Structure formats: structure tokens, C-alpha cells
Amino acid sequence: MNHWLVKSEPDAYSWNKFVQEGKAVWDGVRNYQARNNLMAMKTGDQVLFYHSVIGKEVVGVAKVCREAYPDPTAGANSGTAPTPWVVVELEPLMPLPRPVTLAQLKAEPLLANLALLRQSRLSVMPIRPDEFECILALGC
DNA sequence: GCCAACGTTGGC
DNA sequence: GCCAACGTTGGC
């Protein structure tokens, strides 16, 4: 199983709304690196849910319930593009009893290479198993 | 193909 | 509100 982290501004789409709805179509990703990560996700993979800008903390764990398919919100350019934009579907797995803040992540030596810290603008990124376990431990 | 201008993201 | 990082666009 692989592990990932996705970002969302809670103003736009919060963990609470995600839980209320029970499922999310992760659409609107318009960055190639993030798109490649979406395409590598497999059903059952676990995904950390991070609140950017407001909160700046990992608030819960989701899992992939449907693998990548074309993004219905992408324009009608699908014919020419080599690979169109894609979405995955996620569902909530569990909230973190103690959300893990960005400051905590930065303070943890084991997380020094975390993609979130090294590429602050990437919105969908892989997380190593040991990093995933570390963040989970901080949050429980 | 280079690079300046510009827009967006996200931390502070 | 500001600014750094960085992706995209468009002129040349």
C-alpha cells in the first residue's frame, strides 16, 4: 500500500465537509506532478488530509476508493492532450485526535525530507511509510 | 529556445 | 498584507 498527502484550503473544502459528504471527488488538480501522483494512487491507499493556509495541519486520514479517471471539470481539450487531467475519489477513514501542525512536522527530524516541507506548492504528494507512521503517531 | 512578465499558492 | 517559490504565457 502507498501513502499520500493531499492539501485543501478549509475555506474551499474542509475535512468536516468531507466527513459530512462521506466521499470526495478530488477534482481541479492542474499541475502535472500532482496529476502524476493522482494517477499512481491505488484503491485502499491511505491519504493524509492537510489543511493549507488556515490551520496548516494534518487533520485526518482518507483512503482511495476509486482510482484515477478523467476530470469532468477539465475543458473539452481531451482529444489533443497526451494525458488529460484526472480525479480520484476519496473517503474519510479517521480524523486525527490531535491534528499535526506544520510547526510539529518541521520540528520532527524524521520528517526532514517530507515532500510537504520541500515543495510547499505541490498539492498531491507521496509520503514514505515511515513518514506516514510518524505523522500518525504524532496525531494520536 | 530563452527569458521577462505575470498569476497562483501558501507560509509568515 | 507581504513576499518567496514556482508554474505558465507570450514576445522575440
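Letters A, B, ... mirror the listed sequences (proteins, then strands); counts begin at 1. None of the values given here were measured: they were computed from a predicted structure.
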Please identify the 5'-most and 3'-most nucleotides of DNA chain B with any atom under 4.0 angstrom from a heavy atom of chain A.
B/dG7 to B/dC12

What pair of heavy atoms forms the shortest contact from A/H51 to A/S14, and how long is it?
NE2-CA, 3.6 Å

With sequence neighbours left out, the residues meeting side-chain contact (heavy atoms from CB on, under 4.5 Å) with A/E108 are A/L110, A/L111, A/C134

Should the pair A/R30-A/D71 be classified as a salt bridge under the 4.0 Å nitrogen-to-oxygen rule?
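Looking at A/D71 together with A/R30, the answer is yes, because their closest N to O distance falls below 4.0 Å.
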
How about CZ on A/R98, more than 12 heavy atoms from neighbouring residues, nucleotides or ligands closer than 6.0 Å, or not?
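No, because the 6.0 Å sphere around CZ of A/R98 holds 12 heavy atoms or fewer from other groups.
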
Quick one, which residues of residues 46-60 of chain A touch DNA chain B with a heavy atom under 4.0 Å?
A/Y50, A/S52, A/V53, A/K56

Close aromatic pair by centroid cut-off 6.0 Å: A/Y32 and A/W85:
yes

So, do A/W15 and A/Y50 have ring centers that fall under 6.0 Å from each other?
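No, ring centres 6.0 Å or more apart.
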
CD on A/Q46 to NE2 on A/H3, rounded to 0.5 Å
5.0 Å

